[in-house]
Undergrad: 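Supplied in structure tokens, the structure appears directly below.
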Amino acid sequence: MNLQLTRRTFLAACAGAPCFLVPVKRSGSLGQPILAQGPWFFENAEPSGLQSFRHTCGSQAKEYLLETLGSGVALFDYNNDGLVDIFLVNGSSFEILSNPRLPRTSSRLFRNNGDGTFTDVTKESGLINEGWGVGVTVGDYDNDGHRDVFITNFGGNTLFHNNGNGTFTDVTKEAGVEGGNWSTGCAWGDYDRDGRLDLYVSRYVDFDKARIPKPGANTYCSYRGMHVACGPRGLPGLADLLYHNEGNGKFREVSGEIGVRDTVKAYGLGVVWLDFDNDGWPDIFVANDSMPNFLWRNNGNGTFEEVAIEVGCALSADGRGQSNMGIAVGDYDNDGWLDLYVTHFSEDYNTLYHNHYGQFEDVTYQAGLGTVSYKQLAWGTGFIDVDNDGWKDIFVANGHIYPQADQAGNSYLQENQLLRNLRNGRFSPIPPERTGFTRARSSRGAAFADLRGAGRIDIVVNNIDDKPFLYQLSQAPPSNWARFKLIGTKCNRDAIGARVWVTAGGLQQMDEIRSADSFVSASDVRLHFGLAQAAVIEKLKIRWPDGTVQEQSRLPANREHVIRQGQEL
């Protein structure tokens with residue numbers, strides 16, 4: 001995963017303590033509050049009822065790459081009761097898949113009880129994925145008001161239709177989205193703005209256990225002198241898939257005919273839809289492991305063009321194809337353009353791409369992030385405003401893929417990280433004793449939502465071969481907030497792709513509704529904005545996915561606003 005591929009080579013080949021206290025003084029010209037010492041988050045998975053889930057991913061020895069990748073998590077309201085529920089994707093093992101007498105592993109759905117606890121409702125819901133699960137995306141593909149779930153697997157993928165009564169039905173074959181072999185990231189987005197959600201699926205390695213070399217067999221099977229699982233370099237890749245929603249529950253794979261031609265068969269992992277050039281059409285960014293990334297620019301006529309090298313987000317600043325895995329999307333400097341943060345292998349840095357009028361620049365070192373992730377192997381990530389000050393911070397889930405890392409000068413189990421936005425284009429790492437991220441695990445997918453409805457962001461992390469993390473703030477931040485739930489009437493009902501601008505306290509923020517991001521995970525589609533000390537939103541502007549614009553003013557803080565397309569509150 002850590003091969004360094006230059007631009008020239010690629011082109012040639014292609015021809016529990018107090019959290020935040022009200023600050024008693026300010027530091028610096030930026031007015032950055034001084035936060036209390038002690039842990040900001042507490043880990044609450046077991047008391048909340050998530051202890052029955054334990055992730056499975058192959059053997060403990062991790063002799064094959066498939067056993068190292070892990071799985072994602074989705075946070076969404078499956079039963080429309082206004083509470084965000086938790087869905088944890090599970091993996092499997094070669095032994096389980098080959099022996100029908102062994103008990104199956106399954107992904108798990110946990111219903112939010114509204115009192116800080118969750119109940120496992122997997123069996124009665126029918127949302128049972130017993131394959132080797134990897135990624136998940138959630139979207140109402142048939143616009144019936146109930147959110148559906150797509151899961152990628154090693155093997156066939158699965159689409160579950162939400163029946164609207166608390167149950168799901170497997171409609172994969174009827175829909176035509178089975179895919180095959182080893183799919184990873186997935187995300188819903190309406191690329192032609194016809195009001196129906198389309199589906200992008202990234203794929204990784206053409207994996208056949210019988211053909212995979214053993215650890216130590218060649219250059220791509222060693223790490224710091226240790227024999228480890230081979231790949232992905234040296235193994236055949238798979239082309240990504242793009243399904244057009246034809247209506248009536250049917251999809252058609254159209255990648256080749258609309259210009260999404262993954263001819264190099266890159267090792268695709270994370271995927272996200274975003275309007276990077278502010279032209280009103282959703283584009284697609286794909287994190288490719290050990291190879292340059294893809295950025296499929298939407299031409300606005302039903303076709304795409306790959307422009308990642310041209311616009312500066314394919315490689316690192318020094319021209320390397322990094323081990324791209326997880327993706328955070330957000331306007332971290334509030335300049336009106338969506339930026340990217342991409343996570344990578346250890347002995348490298350996670351890359352911060354600043355978006356300047358549709359051109360990206362690797363500003364990792366300028367932002368103070370060049371050395372904070374050197375030993376970490378990073379996966380799930382997100383721009384989240386932890387303290388509600390109006391400036392997005394960065395969360396990173398870490399964990400090595402090789403158990404042998406413990407004998408090679410690194411660690412298999414690693415602590416997760418929070419990087420605080422200093423409001424001047426730079427970030428500062430917060431030590432574990434202050435964040436509360438002190439339990440080292442090999443973490444993978446991460447998703448974000450206000451699970452308690454209290455105006456504070458919670459974090460759910462899926463840990464490989466272990467129980468999950470549920471990080472919750474131990475005290476409300478001393479700042480105001482607002483949350484927006486959008487309901488499309490002319491566009492897709494989830495309003496995926498809608499862009500929202502919020503002006504409050506002299507600061508304008510912007511974000512978009514996404515169906516998936518981080519690492520093979522899906523966060524809450526409701527948009528959360530920290531408002532600092534502003535008690536009123538002076539102006540709200542919404543650009544719906546179909547291009548229509550809606551504006552409102554003088555909205556109160558500290559509540560969720562539900563906005564239906566074309567109707568005022």
Undergrad: Please name the pair of heavy atoms, one in S521 and one in G445, separated by the smallest distance, quoted to 0.1 Å.
TA: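 Heavy atoms of S521 and G445 come nearest at OG-CA, 3.4 Å.
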
Undergrad: Under a 3.5 Å cutoff, is there a donor and acceptor pairing between the side chains of D289 and Y204?
TA: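 Yes, because at least one side-chain N or O of D289 sits under 3.5 Å from a partner of the opposite role on Y204.
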
Undergrad: Is a donor on one side and an acceptor on the other found under 3.5 Å between the side chain of T117 and the backbone of G49?
TA: no

Undergrad: Among S93, S59, S92, exactly one meets side chain to side chain donor-acceptor pair (under 3.5 Å) together with E67. Which residue is that?
TA: S59

Undergrad: Measure from the side-chain N and O atoms of T158 to the backbone N and O of I151, and report whether any donor-acceptor pair falls under 3.5 Å.
TA: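 The answer is no, because no donor-acceptor pair under 3.5 Å joins these two groups.
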
Undergrad: Could you label the plane-to-plane angle of the Y191 and W273 rings as parallel, tilted or perpendicular, counting under 30° as parallel and over 60° as perpendicular?
TA: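 It falls in the parallel class, under 30°.
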
Undergrad: I'd like to know if the side chain of N44 reaches the main chain of L470, judged simply by a donor and an acceptor atom lying under 3.5 Å from each other, with no hydrogens or angles considered.
TA: no

Undergrad: Testing the 3.5 Å rule here: is there a donor-acceptor pair between the side chains of S202 and T184?
TA: yes

Undergrad: Please answer whether the main-chain N or O of V329 pairs with a side-chain N or O of R514 as donor and acceptor at a distance below 3.5 Å.
TA: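 Confirmed, R514 side chain pairs with V329 backbone.
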
Undergrad: Let me confirm one number: the CD1-CZ distance from I537 to R559, rounded to the nearest 0.5 Å.
TA: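 Spacing of CD1 (I537) from CZ (R559) equals 10.0 Å.
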
Undergrad: Check whether NZ of the Lys or CZ of the Arg R456 lies under 6.0 Å from the centre of the six-membered ring of W481 and within 45 degrees of that ring's axis.
TA: no

Undergrad: Will you find, in the side chains of D546 and Q565, an N or O donor that is under 3.5 Å from an N or O acceptor?
TA: yes

Undergrad: For the residue pair S71 and N462, confirm or rule out a side-chain donor-acceptor distance under 3.5 Å.
TA: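 No pair is found: no donor N or O on one side chain lies under 3.5 Å from an acceptor on the other.
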
Undergrad: What is the minimum heavy-atom distance between S443 and A397, and which atoms define it?
TA: CB-CB, 3.9 Å

Undergrad: Between T381 and V396 (side chain of the first, backbone of the second, donor and acceptor by atom type, cut-off under 3.5 Å), is there such a pair?
TA: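 No, the answer is negative, given that no donor and acceptor are paired below the 3.5 Å cut-off.
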
Undergrad: So do the side chains of I542 and F484 get within less than 4.5 Å of each other, counting heavy atoms only?
TA: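 Not in contact.
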
Undergrad: With rounding to the nearest 0.5 Å, note down the distance linking CG in D206 to CG in L235.
TA: 9.5 Å

Undergrad: Does a donor on one side chain and an acceptor on the other come within less than 3.5 Å for N324 and H344?
TA: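 Judged by distance alone, the side chains do pair up.
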
Undergrad: For D190 and N492, which I'm curious about, is there any donor-acceptor pair between the side chains at under 3.5 Å?
TA: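 On atom types as modelled, these side chains do not qualify, holding no pair under 3.5 Å.
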
Undergrad: Do E305 and T303 have side-chain N/O donor and acceptor atoms under 3.5 Å apart?
TA: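 The criterion, which ignores hydrogens and geometry beyond distance, is not satisfied for T303 and E305.
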
Undergrad: Distance from L127 atom CG to N162 atom CG, nearest 0.5 Å?
TA: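 Here the interatomic distance stands at 9.0 Å.
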
Undergrad: With a 6.0 Å cut-off on ring centres, are F94 and W132 close enough?
TA: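 Yes, the ring centres sit under 6.0 Å apart.
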
Undergrad: So, H161 and D142: side-chain donor and acceptor under 3.5 Å apart, yes or no?
TA: yes

Undergrad: Would you check if V460 and L451 make a side-chain contact, meaning some heavy-atom pair closer than 4.5 Å?
TA: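 Counting from C-beta outward, V460 and L451 do come under 4.5 Å.
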
Undergrad: Could you measure the distance from the CZ atom of F160 to the OG atom of S125? Nearest 0.5 Å is fine.
TA: 8.5 Å

Undergrad: Between D194 and R196 (side chain of the first, backbone of the second, donor and acceptor by atom type, cut-off under 3.5 Å), is there such a pair?
TA: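 Indeed, once roles are kept as given, a pair shorter than 3.5 Å links the two residues.
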
Undergrad: Determine the sole option in F276, F294, W296 for which the side-chain contact (heavy atoms from CB on, under 4.5 Å) test with I284 is passed.
TA: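 Among F276, F294, W296, the one meeting side-chain contact (heavy atoms from CB on, under 4.5 Å) with I284 is W296.
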
Undergrad: Would you please test R252 and E257 for salt bridge (Lys or Arg N to Asp or Glu O under 4.0 Å) and show each step?
TA: CA-CA 11 Å; R252 181 168 58 93; E257 64 188 76; 2.9 Å; yes

Undergrad: Considering only heavy atoms from C-beta outward, does the side chain of N463 approach that of F469 to under 4.5 Å?
TA: yes

Undergrad: Give the ring-plane orientation class for F53 versus H55, where under 30° counts as parallel, over 60° as perpendicular and anything between as tilted.
TA: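 Taking H55 first and then F53, their aromatic rings sit tilted (interplane angle of 30° to 60°).
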
Undergrad: Give, for atom CD1 of I258 and atom CG of N301, the distance between the pair rounded to the nearest 0.5 Å.
TA: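 Nearest 0.5 Å value for the CD1-CG distance: 10.0 Å.
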
Undergrad: With distance as the sole test, does N90 use its side chain to make a donor-acceptor pair with the main-chain N or O of S106 at under 3.5 Å?
TA: yes

Undergrad: Mind checking whether V525 and F76 have side chains closer than 4.5 Å, heavy atoms only?
TA: no

Undergrad: Let's go through D466 and R54 carefully: what are the C-alpha distance in whole Å and the side-chain angles of both, what is the deciding distance for salt bridge (Lys or Arg N to Asp or Glu O under 4.0 Å) to 0.1 Å, and is it a yes or a no?
TA: CA-CA 5 Å; D466 213 323; R54 183 182 178 89; 3.6 Å; yes

Undergrad: Identify the heavy atoms of V272 and A516 that sit nearest to each other, and give their distance.
TA: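 Scanning both residues, the minimum pair turns out to be CG2-O, 3.3 Å.
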
Undergrad: Counting heavy atoms not belonging to N248, are there more than 12 under 6.0 Å from its CG?
TA: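 No.
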
Undergrad: According to side-chain hydrogen bond (donor to acceptor under 3.5 Å, both in side chains), who are the partners of N398, at least two apart in sequence or on a separate chain?
TA: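 Partners of N398 under the side-chain hydrogen bond (donor to acceptor under 3.5 Å, both in side chains) test: Q417.
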
Undergrad: Between F154 and F207 (judged by ring centroids, cut-off 6.0 Å), do the two rings come close enough to count as a pair?
TA: yes

Undergrad: Report the C-alpha distance between K62 and D465 in whole Å, list the side-chain angles of each, state the deciding distance to 0.1 Å, and finish with yes or no for salt bridge (Lys or Arg N to Asp or Glu O under 4.0 Å).
TA: CA-CA 11 Å; K62 308 299 181 196; D465 296 325; 2.5 Å; yes

Undergrad: Give, for atom CZ of F87 and atom CZ of R108, the distance between the pair rounded to the nearest 0.5 Å.
TA: 11.0 Å

Undergrad: Tell me, do Q567 and T489 make a side-chain contact under 4.5 Å, heavy atoms counted?
TA: no

Undergrad: In terms of side-chain heavy atoms, does N245 have a donor or acceptor partner in Y141 at a distance below 3.5 Å?
TA: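 No, Y141 and N245 have no side-chain donor paired with an acceptor closer than 3.5 Å.
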
Undergrad: Could you list all the salt bridge (charged side-chain N to carboxylate O under 4.0 Å, His left out) pairs where at least one residue sits in residues 269-283, not counting sequence neighbours?
TA: D275-R543

Undergrad: Under the 3.5 angstrom rule, does the side chain of R444 hit a backbone N or O of I464 as a donor-acceptor pair?
TA: no

Undergrad: So among R483, R526, K485, which one has a salt bridge (charged side-chain N to carboxylate O under 4.0 Å, His left out) with D450?
TA: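 Single salt bridge (charged side-chain N to carboxylate O under 4.0 Å, His left out) partner of D450 among R483, R526, K485: R483.
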
Undergrad: Can you tell me if D240 uses its side chain to pair, donor with acceptor, with the backbone of R203 under 3.5 Å?
TA: yes

Undergrad: For the pair R104 (side chain) and L102 (backbone), establish whether a donor and an acceptor sit closer than 3.5 Å, ignoring hydrogens and angles.
TA: yes

